[in-house]
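Indexing begins at 1, ligand by ligand and atom by atom, following the structure's order.
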Amino acid sequence: MSSPTLIQIVDTARDVAREVIMPHFLTAQRNTKDDGSLFTVVDLAAQEALIERLPRIIDRPVLGEEMPESLQLRLWHEGQDGIWCIDPIDGTTNFINGIPFFGVAIAYIAEGRTRYGVVYNPMTDEAFYAEEGGGAFLNGTALPLRTPARHLLDAVAGVDFKRIPKPLADALATQSPFYSQRNFGSSALEWCFVAAARLDVYLHGGQMMWDFAAGTLIAAEAGAQCSMLDGEPLNMSPGQKTPVVVGANAALYREWMDWLNAHGAR
Ligand code: IPD
Ligand code: CA
Ligand code: CA
């Protein structure tokens, strides 16, 4: 049974997607940020809607992807005892191109740990959510949805080749240790796919904290294990790109990490 707070966060993600994001699917125009990445006015409007609504659930500040980095850093340092971290649209390139795979990602973080995590896919009406110690769910069904692959050789792997060190990327492309590979273009949802065991293992060469803050909790509560590429725990802080390695369970994580280490992870 999920807590009232978690249910309110799920409802907020669903409402913002329905009212602010979906009316603009297939018509939103692309804009380019200074770093070359894309955004739309819909990303900004969804962020504003979440900034207004989330503090009604827990009255703490909201740190969003679409804010200036100086503001993100100030909010992060002021909000150590409680802060929302949001990615209003994760998968903006998909959203702009009409590829039906993107999500709203919301995490509530206190003392460096995600306490609530919600990722909502409006195209499929799938809400993935978890609270610390309470298990992980997809629309009320406990995760994972299936037993993960027994071995890496049988695994379906999510691999986003962006920012993966070249020797490792070459080895992954030419000597892949898994059965098959996918890259869907929304890291927050990819974390949830590991939680559901739709993906058995996952690798991304550099994510921002709003890409993984919600998904790490959802995956962990579903039994997944993760670390950075060097084996250290994920480091949450704005302005920093974090490489992530995930296995749907401890055995898959270990096998995946061993292979990555033997092929240029460090
Ligand atoms: C991006 C997506 C993408 C990942 C990028 C992210 P955005 O987020 O999650 O899958 O490869 O690293 O920046 O820009 O669509 O919110
Ligand atoms: Ca993102
Ligand atoms: Ca985004």
Side-chain angles (χ1 to χ4, degrees), residues 13 16-17 20-22 24-25 28-51 54 62-69 71-72 84-107 109 114 117-123 128 157-165 168-169 172 181-195 198-199 202-219 226 228-229 234-246:
V16 168
V20 183
I21 298 176
M22 290 314 289
H24 304 284
F25 183 52
Q29 298 298 307
R30 59 189 271 159
N31 296 293
T32 308
K33 296 186 210 175
D34 292 345
D35 66 1
S37 64
L38 302 182
F39 75 102
T40 72
V41 292
V42 189
D43 297 71
L44 303 179
Q47 176 168 283
E48 281 313 303
L50 291 166
I51 290 172
L54 290 172
V62 181
L63 184 165
E65 180 189 4
E66 308 303 340
M67 292 171 174
E69 195 177 317
L71 176 57
Q72 291 169 345
W84 297 98
C85 173
I86 59 166
D87 192 337
I89 302 179
D90 183 57
T92 294
T93 304
N94 285 348
F95 180 70
I96 292 169
N97 274 40
I99 298 170
F101 196 82
F102 49 89
V104 178
I106 301 172
I109 302 165
T114 304
V118 170
V119 183
Y120 178 64
N121 178 347
M123 296 300 314
F128 298 87
V159 179
D160 189 323
F161 279 90
K162 192 183 308 125
R163 305 182 194 118
I164 292 178
L168 182 56
L172 283 161
Q181 181 252 326
R182 303 286 184 273
N183 174 20
F184 296 113
S186 164
S187 6
L189 281 169
E190 285 159 359
W191 276 94
C192 297
F193 274 29
V194 181
R198 291 173 178 174
L199 293 173
Y202 181 45
L203 172 67
H204 190 296
Q207 296 190 348
M208 302 301 285
M209 64 179 284
W210 39 82
D211 293 322
F212 65 79
T216 42
L217 177 66
I218 297 166
C226 72
M228 298 198 291
L229 255 183
L234 267 58
N235 199 355
M236 269 203 275
S237 168
Q240 183 174 307
K241 289 195 174 76
T242 301
V244 304
V245 179
V246 195

Please name the atom of Asp87, restricted to N, O or S, that is closest to the Ca ion (ligand 2).
OD2
Just let me know how Asp87 lines up against ligand 1, side chain, backbone, both or neither, with a heavy-atom cut-off below 4.0 Å.
side chain
Vertex the Ca ion (ligand 2), rays to OD1 in Asp211 and OD1 in Asp90 - rounded to 10°
100°
Less than 4.5 Å apart, side chain to side chain, heavy atoms only: is that true for Asp211 and Asp87?
yes
Does Ile89 come within less than 4.0 Å of ligand 1, judged by its heavy atoms?
yes
Minimum-distance protein heavy atom relative to atom 9 (O) of ligand 1
Ser187 OG, 2.5 Å
Presence of salt bridge, Lys33 and Asp35, under 4.0 angstrom
no
Pair Glu66-Trp210, side-chain donor/acceptor within less than 3.5 Å:
no
Shortest-distance N/O/S atom, Glu65 versus the Ca ion (ligand 3)
OE1
Donor-acceptor side-chain pairing of Asn235 and Thr242 below 3.5 angstrom
no
Please work out which of the three classes, parallel, tilted or perpendicular, describes the rings of Phe212 and Trp191, given edges at 30° and 60°.
tilted
I'd like to know whether ligand 1 has Glu65 as a neighbour, heavy-atom separation below 4.0 Å.
yes
CZ of Arg163: more than 12 outside heavy atoms within 6.0 angstrom?
yes
Ring centre gap for Tyr120 and Phe128 strictly below 6.0 Å
no
Are any of the N/O atoms in Gly91 less than 3.5 Å from those in ligand 1?
yes
Thr93 versus ligand 1: do any nitrogen or oxygen atoms come within less than 3.5 Å of each other?
no
How about CG on Asp34, more than 12 heavy atoms from neighbouring residues, nucleotides or ligands closer than 6.0 Å, or not?
no
So is Gly185 close enough to ligand 1, meaning a heavy atom under 4.0 angstrom away?
yes
Any heavy atom of Arg163 sitting closer than 4.0 Å to ligand 1?
yes
What atoms in ligand 1 come closer than 4.0 Å to a heavy atom of Ser186?
9 (O), 10 (O)
For ligand 1, the portion of His204 having any non-hydrogen atom under 4.0 Å away:
side chain
Confirm or rule out an N/O/S atom of Ile89, from backbone or side chain, lying less than 3.0 Å from the Ca ion (ligand 3).
yes
Give the residue and atom name of whichever protein heavy atom lies nearest to atom 13 (O) of ligand 1, and the separation in Å to one decimal.
Asp211 OD2, 4.1 Å
Check for me whether the distance between the ring centres of Phe101 and Phe193 falls short of 6.0 Å.
yes
Going by the atom numbers of ligand 1, which of them fall below 4.0 Å from some non-hydrogen atom of Lys162?
4 (C), 5 (C), 11 (O), 12 (O)
Minimum side-chain heavy-atom gap Trp84-Leu50 below 4.5 Å
no
May I ask you to list the atoms of ligand 1 that are less than 4.0 angstrom from any heavy atom of Thr92?
15 (O)
The side chain to side chain contact (heavy atoms under 4.5 Å, CB included) partner of Cys226 among Val194, Val246, Val245 is Val246
Atom 8 (O) of ligand 1: closest protein heavy atom, distance to 0.1 Å, is Asp90 OD1, 3.1 Å
